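This report refers to the structure that appears directly beneath it.
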Amino acid sequence: MPDSGSDSDLSVRAHVRASERFELDVEFVVPPGVTVLLGPSGSGKSTALSVIAGLVRPDAGRVSLGKEVWFDSQDGIDTAVHRRRVALLFQSLALFPHMTAVQNVVYGMERRHDAGRARALEWLERLHVAHVAGRKPPTFSGGEAQRVALARALASSPRVVLLDEPFTAVDTELRRELLADVNVFVRALGVPVVLVTHDRREARELADRFVFLRAGRVERAGEGRELGGRVTVESR
């Protein structure tokens, strides 16, 4: 595996036999900033995110953040999901319907007392949804739900942020606003961010680096500026 360049670099080497027809066998490094994970449907992008988060245990490999090893098949290391402090945002958002917006945000944080509530309210304010703090998800608009889910992800002070096409269900204008928010806030955190997307414009605008997967393998990786026309972002 390439040596991670700093204590903030995420290094991933993983082999996962997901089924008789598909296996993931990848190796890449994600430095602080936005790395876009590209590739056709079924290429292993979501599986790679799940490996990083600890939701999928590789058959073999090693995952580390700087000098901290999260998974090592040879040494028998497998750090629990909650100890990795990874923010993972899916298309489904996974907000708890019985909790208010502020309760949802606090739930994702280590500190759940008054200081945690204050921080939750601060993030809801930053993402322009403080007005729904006391309401529950069934009453949210699509955009409000997206922003509350993003607030929950970022308020947890994550060490790595994983975004699996979380904004595909919203209209183009709102999606553009949400991505602008992501761009500002995740860069302020200064942590590795992995974004899965099929949107070429989104990839070009956000990527510091990219990793292109095909059939469970890394076909190509490079700097974000190379996405101008030399890499095709394949649709579903």
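The shown structure was predicted, so the numbers you read here are calculated from the model rather than taken from an experiment.
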(request) Measure from the side-chain N and O atoms of Gln103 to the backbone N and O of Thr100, and report whether any donor-acceptor pair falls under 3.5 Å. (result) yes

(message) Before you tell me yes or no, could you show the steps for Arg187 and Asp208 under side-chain contact (heavy atoms from CB on, under 4.5 Å), namely the whole-Å CA-CA distance, both residues' side-chain angles and the distance that decides it to 0.1 Å?
(response) CA-CA 11 Å; Arg187 292 183 190 284; Asp208 296 305; 2.7 Å; yes

(message) Looking at Leu65, is its backbone amide N or carbonyl O close enough to the side chain of Glu68 to form a donor-acceptor pair, meaning the two atoms are under 3.5 Å apart?
(response) no

(message) Main chain of Glu144, side chain of Ser141: is a donor-acceptor contact present, judged purely on distance under 3.5 Å?
(response) yes

(request) Report yes or no: does Ser73 contribute a side-chain atom to a donor-acceptor pair with the main-chain N or O of Ala60 at less than 3.5 Å? (result) no

(request) Under the side-chain contact (heavy atoms from CB on, under 4.5 Å) rule, what do Glu219 and Val211 come out as? Steps first, then yes or no, please. (result) CA-CA 8 Å; Glu219 183 174 272; Val211 176; over 6 Å; no

(message) When you group the ILVMFWY residues by side-chain heavy-atom contacts below 4.5 Å and let the links chain together, are Leu213 and Phe90 in the same group?
(response) yes

(request) Consider only side-chain heavy atoms of I, L, V, M, F, W and Y, link residues closer than 4.5 Å, and tell whether Leu154 and Leu174 are in one cluster. (result) yes

(message) Checking the side chain of Glu226 only, and the main-chain atoms of Glu223 only, is there a donor and an acceptor separated by less than 3.5 Å?
(response) yes

(message) Taking the basic N atoms (NZ, or NE/NH1/NH2) and the acidic carboxylate oxygens, is any pair closer than 4.0 Å for Arg126 and Asp181?
(response) no

(message) For Ile77, is there any backbone N or O sitting under 3.5 Å from a side-chain donor or acceptor partner on Asp75?
(response) no

(request) Only one of Arg83, Arg84, Arg62 passes salt bridge (Lys or Arg N to Asp or Glu O under 4.0 Å) with Asp78; say which it is. (result) Arg84

(request) Return yes if some donor-acceptor pair links the side-chain N/O of Asn104 with the main-chain N/O of Phe96 below 3.5 Å, else return no. (result) yes

(request) Answer yes if the side chains of Glu165 and Thr197 hold a donor-acceptor pair under 3.5 Å, and no otherwise. (result) no

(request) Quick one: do Leu195 and Thr35 satisfy side-chain contact (heavy atoms from CB on, under 4.5 Å)? Show the steps, please. (result) CA-CA 6 Å; Leu195 169 67; Thr35 295; over 6 Å; no

(message) Under a 3.5 Å threshold, yes or no: a donor from one side chain and an acceptor from the other, between Glu125 and Trp123?
(response) no

(request) Indicate yes or no for a side-chain donor-acceptor contact from Lys45 to the backbone of Gly39 under 3.5 Å, with no hydrogens or angles considered. (result) yes

(request) Grab the two heavy atoms, one from Ala87 and one from Ser156, that are nearest each other, plus how far apart they are. (result) CB-OG, 4.4 Å

(message) Could you check whether any side-chain N or O of Thr139 sits under 3.5 Å from a backbone N or O of Arg135, counting only pairs where one atom can act as donor and the other as acceptor?
(response) no

(request) Say whether Arg119 and Ser157, considering side chains only, have a donor N or O and an acceptor N or O under 3.5 Å apart. (result) yes

(request) Considering only NZ, NE, NH1 and NH2 on the basic side and carboxylate oxygens on the acidic side, decide whether Asp59 and Arg17 come within less than 4.0 Å. (result) no

(message) Tell me if a side-chain donor or acceptor on Asp9 pairs with a main-chain N or O of Gly66 at a distance below 3.5 Å.
(response) no

